[in-house]
Amino acid sequence: MYSFLSGLYKHLTRREAYYIVIIGLDNAGKTTLLERIKSTFLGVPGLPPERIAPTVGLNIGRIDIGGARINFQDLGGQTDLQTIWERYYRECHAIVFVVDSSDPERIEECKNALERVILDDTVEGVPVLMLANKQDVPTALRLESIKEIFNQIAERLGARDSRVLPISALEGNGVKEAVDWLFLRVQRNKVNRPPIIISQ
Ligand SMILES: Nc1nc2c(ncn2[C@@H]2O[C@H](COP(=O)(O)OP(=O)(O)OP(=O)(O)O)[C@@H](O)[C@H]2O)c(=O)[nH]1
Ligand SMILES: [Mg+2]
């Protein structure tokens, strides 16, 4: 009886879980984005921007959406930390690459970092969302310019789902749209990268 009930409980509480990595150069705004996602979807205030320090390890954020769980993994972007990215993106269901649109001088470095990820065969078919962050800065590169730069790389993505969206992690603009895009894409890509089934 106990095993029947516990089996039934597990069945009723089972749900799909997805892992999404957030990468990009240091100072791009990844942790600010993670905190913004948490405050938008969990309804609790995230860490205030002035308390966010450069990431050395990994920050995790969990949200529930459409009956599924999404686990965001925000990684440090400093050059010597980029070597750990692959440990996380190889297993993930989608990749978010955050770009600091207010720093045109680092765009080339940004492109190279993204290219290295895209060219890794282990992420073939995984949806990639490029976020043109800091759109609240008046002098920031606008979406069209960022698209022009990143579409050269996107061509290499082949049949994979990819998109460039404008956001301001600081002010929250575009953050919900970005998460909605990701949720739809990880579900569409279920056959290639099945979700992890969890109970609760
Ligand atoms: N104006 C503006 N500033 C932002 C935005 N997002 C982040 N910032 C600022 O950019 C700086 C870096 O933000 P972080 O979130 O720590 O950047 P990160 O990508 O996590 O950096 P690492 O952890 O070192 O890889 C901080 O001063 C943030 O307040 C944004 O949308 N607009
Ligand atoms: Mg960080």
Side-chain angles (χ1 to χ4, degrees), residues 19-42 44-63 70-92 94-118 120 123 126-147 149-150 153 162-182:
Y19 285 81
I20 298 182
V21 293
I22 305 177
I23 54 177
L25 301 186
D26 53 287
N27 203 50
K30 300 178 294 297
T31 308
T32 308
L33 170 65
L34 179 72
E35 290 303 319
R36 179 59 69 177
I37 291 173
K38 286 183 349 197
S39 64
T40 306
F41 286 85
L42 301 176
V44 292
L47 264 185
E50 64 277 9
R51 289 198 44 211
I52 296 176
T55 308
V56 179
L58 160 82
N59 298 308
I60 293 174
R62 277 189 342 197
I63 63 165
I70 301 197
N71 300 284
F72 288 96
Q73 298 173 316
D74 154 41
L75 296 161
Q78 291 166 51
T79 313
D80 51 343
L81 298 175
Q82 291 178 18
T83 48
I84 12 174
W85 289 358
E86 68 177 40
R87 202 185 303 163
Y88 293 90
Y89 69 61
R90 288 191 165 171
E91 310 264 299
C92 76
I95 295 170
V96 176
F97 192 91
V98 183
V99 178
D100 180 350
S101 321
S102 73
D103 193 358
E105 285 178 10
R106 292 188 79 191
I107 286 289
E108 199 57 33
E109 187 187 346
C110 228
K111 253 175 72 176
N112 294 339
L114 176 61
E115 211 157 26
R116 278 196 295 278
V117 177
I118 300 300
D120 188 325
V123 296
V126 173
V128 177
L129 178 60
M130 287 158 273
L131 292 178
N133 190 30
K134 307 198 185 179
Q135 287 296 308
D136 57 284
V137 177
T139 53
L141 290 170
R142 294 297 164 222
L143 184 67
E144 285 317 310
S145 319
I146 301 268
K147 269 189 181 166
I149 297 160
F150 286 92
I153 302 177
S162 77
R163 184 96 191 254
V164 187
L165 289 177
I167 62 159
S168 165
L170 198 63
E171 295 185 344
N173 301 327
V175 171
K176 187 176 179 307
E177 290 79 356
V179 174
D180 288 345
W181 187 92
L182 286 163

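Atoms within a ligand are numbered from 1 in the order they appear, just like the ligands themselves. Computation of the quantities below employed the complete heavy-atom set of this structure, encompassing side-chain atoms and omitting hydrogens, waters and symmetry-equivalent molecules.
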Report the nearest protein non-hydrogen atom to [atom]: residue, atom name, distance rounded to 0.1 Å.
| atom | answer |
| --- | --- |
| atom 10 (O) of ligand 1 | Lys134 NZ, 3.0 Å |
| atom 27 (O) of ligand 1 | Asn27 OD1, 4.7 Å |
| atom 19 (O) of ligand 1 | Lys30 NZ, 2.6 Å |

Applying a heavy-atom cut-off of 4.0 Å, say which part of [X] lies close to ligand 1: side chain, backbone, both or neither.
| X | value |
| --- | --- |
| Asn133 | side chain |
| Thr31 | both |
| Ile52 | side chain |

Say you draw a straight line from [atom1] of [X] to [atom2] of [Y]; how long is it, rounded to the nearest 0.5 Å?
| X | Y | atom1 | atom2 | value |
| --- | --- | --- | --- | --- |
| Ile149 | Leu141 | CD1 | CG | 5.5 Å |
| Phe97 | Leu25 | CZ | CG | 5.5 Å |
| Glu109 | Thr79 | CD | OG1 | 6.0 Å |
| Asn27 | Gln78 | CG | CD | 10.0 Å |

For [X], take its heavy atoms, then give the atoms of ligand 1 lying under 4.0 Å from any of them.
| X | answer |
| --- | --- |
| Val137 | 1 (N) |
| Pro54 | 23 (O), 24 (O) |
| Gly76 | 25 (O) |

Close N or O approach ([X], ligand 1; < 3.5 Å):
| X | value |
| --- | --- |
| Gly29 | yes |
| Gln78 | no |
| Gly77 | yes |
| Ile167 | no |
| Ala169 | yes |

Subject >> Selection from Asp103, Leu131, Thr32, Asp100 by shortest heavy-atom distance to atom 28 (C) of ligand 1 >> reply: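 Considering heavy atoms of Asp103, Leu131, Thr32, Asp100, the nearest to atom 28 (C) of ligand 1 sits in Thr32.
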
Original post:
So between Thr55, Leu81, Leu75, Asp136, whose heavy atom ends up nearest atom 22 (P) of ligand 1?
Top reply: Thr55

Subject >> Glu91 CD: over 12 foreign heavy atoms closer than 6.0 Å >> reply: no

SB check [X] [Y] (cutoff 4.0 Å):
| X | Y | answer |
| --- | --- | --- |
| Asp120 | Arg90 | yes |
| Lys38 | Asp74 | no |
| Asp100 | Lys134 | yes |

**OP:** Determine whether any heavy atom of Gly24 lies closer than 4.0 Å to an atom of ligand 1.
**Re:**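 No; Gly24 lies far enough from ligand 1 that no heavy-atom distance drops under 4.0 Å.
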
Original post:
Does some side-chain heavy atom of Leu129 sit less than 4.5 Å from a side-chain heavy atom of Leu165?
Top reply: yes

**OP:** Check whether any side-chain N or O of Arg142 sits under 3.5 Å from a backbone N or O of Gln135 as a donor-acceptor pair, and report yes or no.
**Re:** yes

**OP:** Without swapping roles, check the side chain of Ser101 against the backbone of Asn133 for a donor-acceptor pair under 3.5 Å.
**Re:** yes

**OP:** Look at Thr55 and state whether any of its N, O or S atoms is less than 2.8 Å from the Mg ion (ligand 2).
**Re:**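 Given the 2.8 Å cut-off, Thr55 counts as a ligand of the Mg ion (ligand 2).
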
Original post:
Does any N, O or S atom in Thr32 come within less than 2.8 Å of the Mg ion (ligand 2)?
Top reply: no

Original post:
Asn173 and Ser168: side-chain donor and acceptor closer than 3.5 Å?
Top reply: no

